[in-house]
Each structure stands twice: as C-alpha cells, then as structure tokens.
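Okay, structure first, notes after.
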Amino acid sequence: MPEDPVSSPSDAAGSYHASRDTAGALVIRFLGRLAADNASSIIRELDSLLAAERPAMLIADLGELRQIDDFGVVVLVGLKKAMGTLQGRFEIQNVEAGVSEILAMHRFVSLGQEGGAGRRRSADIFSRLGARTIAALRETGYMLQFLGDTCVSSWHVIRHPRVLRLGDTLTNMQRVGVDALPIVGLISFLLGLIMAFMSAVQLQQFGANIYVASLVSLSMTRELGPIMTAIIVAGRSGSAFAAEIGSMKISEEIDALTTMGFDPHIFLVLPRLVAAVLVVPFLTLFSDLFAIAGGLLVGITMLDLTVNNYIDQTLATLDLFDVALGFFKGAVFAALIAWTGCLRGFQVEGGAVGVGRATTSAVVSSIFLIILSDSIVVVILRYWEW
Amino acid sequence: MSNTEAKAGLETKRPMSGEPVIQVREMTAGYGSEILLRRLTFEVRRGEIFVILGGSGCGKSTLLKHLIGLNTPLAGDIVVNGRLITGHEEVLPQVLRECGVLFQGGALFGSMTLAENVALPLREYTDLPEAHIDTLVKMKLALVSLSGYENHLPSEISGGMKKRAGLARAMALNPQILFFDEPSAGLDPITSAELDQLILHLNRTLGTTMVIVTHELASIFSVADRVIMLDKRAKGIVAEGDPRHLQEHSKNPYVRRFFNREA
Ligand SMILES: Nc1ncnc2c1ncn2[C@@H]1O[C@H](COP(=O)(O)OP(=O)(O)O)[C@@H](O)[C@H]1O
Ligand SMILES: [Mg+2]
C-alpha cells in the first residue's frame with residue numbers, strides 16, 4: 001500500500017493523514033479537531049491534493065476526529081462536492097456518535113447536492129423592461145393619487161382652517177425660512193458680487209458701468225433669486241422632509257397615525273407645504289436684496305459708482321411686476337419642493353437605504369421640477385410679451 | 001480509536017469549567033451625571049448560560065453595551081476573555097472577534113440579503129473559498145430555520161425572522177461568547193422555545209458561553225445556569241444564583257414575586 005506523503009500538521013490540535021488503500025481509494029484520516037480555526041487551511045491543502053491525485057473514490061475516515069463544528073462540516077461538504085465534479089465516489093467512515101449528531105444537525109446528507117449557489121435571479125431583458133414599465137406606471141399612479149390627496153386635504157384645510165396643525169406649521173416656517181436666512185443671504189450676496197464683477201469687465205469697455213446695476217437687479221429678481229433660493233431650500237428642507245417622513249414610514253409611525261384616526265396628509269404634508277409656501281417668497285425677496293448689495297459693493301469699489309447712482313438705476317430698472325414675479329415663483333417652487341419631499345418620504349420602502357434614496361430623489365426631482373416650471377413661466381411670459 | 005473526549009463533551013450537559021470569562025469589578029455605569037448601576041461586581045464562567053434580568057429601564061441593555069465595549073464605564077474594570085477592556089480600546093477588536101452579539105432588533109444591514117449579512121464576517125475574517133462560504137451560510141441559516149430565505153432582504157421578513165437571522169450572523173464565526181439582548185421579545189411562544197433549544201444546543205455542542213438579557217420566565221428556567229437580577233432603585237444586583245433556587249428561597253420578596261410571576 002503506497003503511503004501518500006502528504007500528512008499535514010495544519011494545526012497543533014488537528015490535522016489529517018492521506019493514503020491510498022488496497023482498492024486504490026484515497027483515504028483521508030482526520031485527526032483531532034476540524035473546526036473554525038483550521039478549516040480554511042485544510043480546505044486549501046485538500047483541494048490541491050485532490051487536483052493532483054484525481055481519485056476515483058475518496059474515503060473520509062472520521063474515527064480519530066475528536067471535535068468538529070460547522071466549519072468542519074463544510075470541509076466534508078467541500079470534499080463531497082469536489083468528488084461530484086470529479087465524477088468519483090465519496091464516503092465517510094467510522095462516524096462516532098458525537099460527530100454524527102453534528103452531521104445530522106446540519107443535514108450533511110442533503111448538503112452540497114443542490115448544485116450552484118442560489119444567487120438572486122437576474123431576469124432577461126424583456127422581463128426587466130416589463131418590470132420597469134410596471135413599476136413606472138405604478139409610481140405614476142401613486143403620484144397622481146398623492147397629488148389628489150394633497151388637493152383634497154388642502155381644500156379641507158381651506159374650508160376648516162382650524163384643522164391645520166399650527167404649531168407644526170410655525171416650527172416648519174422657522175426651519176425652512178428663518179434658519180435658511182444666513183446661507184441664502186451669503187450665497188446671494190456672493191452671486192450678486194460675481195455677476196457684477198463678470199459683467200463689469202465687459203460693460204466697462206463701453207463705459208456702460210451703470211448698467212451693471214440693471215443687470216444684477218433684473219436677472220436676480222426675475223430669475224436667479226427665485227431659482228437659487230429654491231435650490232437651497234430643496235437641499236436643506238426638501239431632503240429633510242423626505243428623510244423625516246421616510247423614517248416615520250419605516251418605523252410604522254405613519255400607520256400609527258392612521259390607526260389613531262389622523263389623516264397623515266393633514267398631519268404631515270400640509271404643515272410643511274403651507275410653511276414652505278408662506279416663507280419661501282420672502283426668502284426670495286431677501287435673496288434679491290443681498291444680491292443687489294453684492295452688486296453694489298462691486299459698483300462702488302471698482303466702477304466708481306456712488307451708492308445713490310446705483311440704487312437709482314436699480315429702482316429705475318425694476319418695476320413692481322418683476323418683484324411680484326419673483327415672489328410668485330418663490331411660492332410655486334416652494335410648493336413643488338415641499339410636495340416632492342413629502343411624496344418621496346411617503347414612497348419609502350425597506351430600511352435605511354430607502355430613506356437615503358428618498359432623500360436624494362427628493363432633491364433631484366425638486367430641482368428638476370423647479371427648472372422645468374421656470375422654463376414654462378419664461379415661455380408663457382415670452383408669448384404674452386412681458 | 002474512539003473519540004471519548006468529544007463524546008463526553010457532548011453527553012454531559014455542559015462543558016463548564018468554572019474559569020471566569022467575563023469579570024466585572026466595582027463597575028459604575030450611567031449616562032452623563034445619572035448613575036444607573038453602582039459598583040457592580042460579578043463574573044461569568046466559561047461555558048455557562050448567564051442571564052441578566054430586571055425591570056424595564058434598570059440598565060440591562062446598558063450593562064450589555066459595557067460588556068462588549070460599546071460604552072465605557074464611569075468607574076471600575078471589565079475583563080473579557082482574560083483581557084482588560086476598560087481603558088484599553090486597542091484590545092477591543094480582538095476581544096470582539098471572540099464575541100457575537102444579537103441586538104434587540106436583529107440589526108441586520110438593510111441593503112444586504114440575509115446570506116450576505118451572514119457571509120460578511122466570514123468573508124472578512126476567514127479565508128474560506130467562496131463556495132465553502134456559501135455552504136456555511138446555508139448551514140447557519142438552516143440552523144435558525146431560515147432555509148430558503150438566503151436571498152431575502154431584511155425588510156422582506158418578519159421581526160422574529162430578523163432576530164433569527166441576526167443570531168445566524170452573530171454565530172457566523174462560532175464565537176466563544178454570545179451576547180443576546182432580549183432574544184425572545186416579540187417572538188411567538190413556539191419560535192421562542194425553539195430559540196431556547198438552539199441556545200442550549202449551541203452551548204452544549206460548541207461550549208459557547210452565553211450572556212442573555214431577558215424577561216421571559218419560561219426561557220429563564222429552561223436555559224439559565226445562573227442569573228443576576230438588577231434593580232433600578234438599588235442601582236445594582238439584588239439577587240444572584242440559580243433561578244430555581246431563587247424562586248423558592250430568595251430572602252428578597254420582590255425577587256420571589258418576580259420568579260413566581262405574582263403582582
Ligand atoms: N444613550 C442614552 N443616553 C441617556 N440615557 C440613556 C441612554 N440609553 C438608555 N438610557 C437610559 O438608561 C436607562 C436604562 O436603559 P436600558 O439599559 O436600555 O434599560 P433596559 O434595562 O430596559 O434595557 C433608561 O432610563 C434610559 O432612559
Ligand atoms: Mg433593553
């Protein structure tokens with residue numbers, strides 16, 4: 001009987017001994033323990049042993065095995081599978097009661113027979129397209145339903161203003177409006193500064209310095225003020241709405257509201273919607289003012305304009321309609337942001353990942369909606385030649 | 001050649017050796033200036049099932065978080081597996097690899113399937129080939145009766161299933177010490193009894209030391225070797241020992257009432 005030289009001292013407490021028996025079968029005698037600490041090294045050694053020997057039959061002799069755990073069972077399953085791919089036979093021998101109890105617990109006999117690892121099924125392109133289409137339709141349906149709910153509950157609040165949760169509304173007004181003042185002011189001021197600076201370079205060549213005031217005030221009041229403010233509000237508050245409502249959704253708080261007889265729309269959506277619509281227009285005016293101040297700074301330090309000059313020119317450029325337009329846009333954008341934030345929050349499913357996705361999507365969709373609706377306004381105004 | 005040792009280990013009830021694996025010495029715990037547990041001293045022995053009980057809010061979860069080094073005690077020492085963890089954050093990673101923790105809600109990672117949750121520590125801390133990890137993960141999940149749920153996300157299964165999956169993940173590396181925070185809370189009686197069986201079985205076959213926080217009387221009587229009972233007013237241990245003994249013979253009437261389920 002030719003002794004195979006491979007006998008591994010894989011671990012002080014456990015190893016194996018491989019040899020060929022008279023019938024030519026490869027016999028592996030496991031000694032001591034076969035457990036978490038030595039399983040991986042034994043697996044690697046046996047893998048290369050099998051690859052070299054390619055036996056027609058493999059016998060695992062467990063007679064001298066003192067201790068085995070599920071990692072050890074995995075070693076045996078690995079051998080069984082390997083023999084399956086070699087089209088050979090596999091047998092275990094001399095199984096002691098203790099070991100056999102553990103093998104039985106892990107249903108050793110049935111292990112390793114199901115073949116390939118069950119990965120999440122990846123469907124073909126048509127099923128995926130179909131699934132996506134259905135999902136998109138369903139989402140559109142949900143959005144329409146949500147829009148309907150928002151309209152109905154808004155109407156309800158208009159008829160019975162007392163159902164509006166005043167405390168929540170005031171808190172949200174503070175968080176959306178007051179807390180945003182510093183960042184809106186700073187960004188608008190810098191934006192006004194940059195615009196004045198960039199246009200000054202061009203306008204100076206024609207001695208048209210004074211038109212810097214017109215350019216800054218008109219573009220900020222009609223377009224950039226509302227858009228910048230809305231983007232900041234979407235980033236600060238739209239995302240917060242989605243995250244808050246989304247977390248409430250996954251911890252079943254929204255279900256709790258419903259069962260206690262509250263309308264989640266009136267309870268959660270309307271305070272945020274009303275608060276945003278009330279404060280964002282003012283935030284927009286604030287942004288216009290700071291941008292004009294930024295332009296003013298450039299005007300008097302670099303363009304030899306006086307404060308009076310600059311302000312006169314600004315007042316001459318702007319009419320009430322421009323300011324009102326910015327104000328109105330602020331309200332529309334606010335409604336879009338708050339509504340989208342709440343919608344994404346209500347759509348959350350799953351755990352923390354769902355909340356993260358909702359937050360991202362709230363910001364991205366509201367910015368898209370802001371730009372889209374602004375373009376629509378521009379086209380309409382163009383048509384009526386305002 | 002027979003494996004008398006393994007047999008002996010499997011057939012006598014517990015491979016208990018009496019050597020302490022966790023020692024808590026004069027430990028004071030609390031949040032901020034509020035002290036919850038004052039000068040606590042006890043030890044957990046290798047191979048035993050040790051139960052921490054007490055009324056809600058008395059600091060059981062807090063104690064557990066101290067034992068696994070998530071919180072630092074205000075005073076005193078904690079030794080786990082022969083290593084002092086208080087004031088020695090550097091030993092924590094090594095100590096924690098020898099421990100498994102089942103959190104109250106399972107604490108599964110929501111973005112991963114159950115199989116990926118269980119495979120995570122295996123991939124990180126062993127160098128088993130991928131195919132073997134797959135087999136092992138299936139075995140671990142089968143052990144907690146979750147065969148067939150390998151590819152489910154945590155959000156797609158029930159609370160009790162999450163707990164069992166959390167247990168499978170905690171057991172992934174066959175730790176020497178398993179910590180459980182209220183394993184049977186929110187489970188139906190049958191599942192809860194099955195979990196007890198599983199705990200006993202793991203303790204018996206692998207010699208795993210178990211530290212369990214629970215209220216469940218039935219479960220305490222069927223698994224616990226030793227209990228300590230904490231009390232909010234006493235800010236410490238009011239009873240310690242074998243629950244069956246305490247039920248009959250405790251001098252403290254509150255303890256007797258607790259074990260006999262009297263108002
Ligand atoms: N992170 C924390 N900060 C402050 N206080 C806490 C914190 N966690 C728990 N507590 C307080 O500690 C006390 C005990 O909490 P805990 O250990 O969770 O009790 P239980 O025994 O029910 O598990 C409670 O009164 C709780 O309010
Ligand atoms: Mg607790």
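Per chain, numbering begins at 1; letters A, B, ... match sequence-line order. Model, not experiment: these values are computed from the prediction.
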| message | Please classify the contact of B/Leu143 with chain A as side chain, backbone, both or neither, using a heavy-atom distance under 4.5 Å. | response |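 For B/Leu143, the contact with chain A is made by the side chain alone.
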
| said: Heavy-atom cut-off 4.5 Å, strictly under: side chain, backbone, both or neither for B/Leu122 against chain A? | reply: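 For B/Leu122, the contact with chain A is made by the side chain alone.
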
| What salt bridge (charged side-chain N to carboxylate O under 4.0 Å, His left out) pairs are there with at least one residue in residues 342-351 of chain A, not counting sequence neighbours? |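 Residue pairs passing salt bridge (charged side-chain N to carboxylate O under 4.0 Å, His left out), neighbours aside: A/Glu139-A/Arg344.
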
| query | Tell me, which pairs form a salt bridge (charged side-chain N to carboxylate O under 4.0 Å, His left out) where one or both residues lie in residues 238-253 of chain A, sequence neighbours left out? | reply |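 The answer is A/Arg175-A/Glu244, A/Glu244-A/Arg272.
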
Return a table of donor-acceptor pairs under 3.5 angstrom between the side chains of residues 163-178 of chain B and protein atoms on other chains or two or more places apart.
| from | atom 1 | to | atom 2 | distance (Å) |
| --- | --- | --- | --- | --- |
| B/Lys163 | NZ | B/Gln104 | O | 3.3 |
| B/Lys163 | NZ | B/Glu182 | O | 2.9 |
| B/Lys163 | NZ | B/Ala185 | O | 2.7 |
| B/Arg164 | NH1 | B/Val144 | O | 3.1 |
| B/Arg164 | NH1 | B/Ser145 | O | 3.3 |
| B/Arg169 | NH1 | B/Ala107 | O | 3.1 |
| B/Arg169 | NH1 | B/Asn117 | OD1 | 3.1 |
| B/Arg169 | NH2 | B/Ala107 | O | 2.8 |
| B/Asn174 | OD1 | B/Lys140 | NZ | 2.9 |
| B/Asn174 | ND2 | A/Asp69 | OD2 | 2.8 |
| B/Asn174 | ND2 | A/Asp70 | OD1 | 2.7 |
| B/Gln176 | OE1 | B/Arg46 | NH1 | 3.4 |
| B/Gln176 | OE1 | B/Asn81 | ND2 | 3.0 |

| message | Below 4.5 Å, heavy-atom pairs only: which of B/Pro129, B/Pro154, B/Gly110, B/Ala115 has the largest tally toward chain A? | response |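 The answer is B/Pro129.
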
| said: What residues of residues 351-358 of chain A make heavy-atom contacts with chain B at a cutoff under 4.5 angstrom? | reply: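 Hits under 4.5 Å: A/Gly351, A/Val353.
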
| Do B/Glu156 side-chain atoms and B/Leu153 backbone N/O form a donor-acceptor pair below 3.5 Å? |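 It does hold such a pair.
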
| task | Output yes when a side-chain donor or acceptor of B/Asn203 lies under 3.5 Å from a complementary backbone atom of B/Gly47, and no otherwise. | result |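 Checked: pair present.
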
| query | How are the rings of A/Phe346 and A/His265 set relative to one another: parallel (under 30°), tilted (30 to 60°) or perpendicular (over 60°)? | reply |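 Rings of A/Phe346 and A/His265: parallel, as their planes differ by under 30°.
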
| message | What's the separation between atom NZ in A/Lys81 and atom CZ in A/Phe90, rounded to the nearest 0.5 Å? | response |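 Taking NZ in A/Lys81 and CZ in A/Phe90, the distance rounds to 12.5 Å.
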
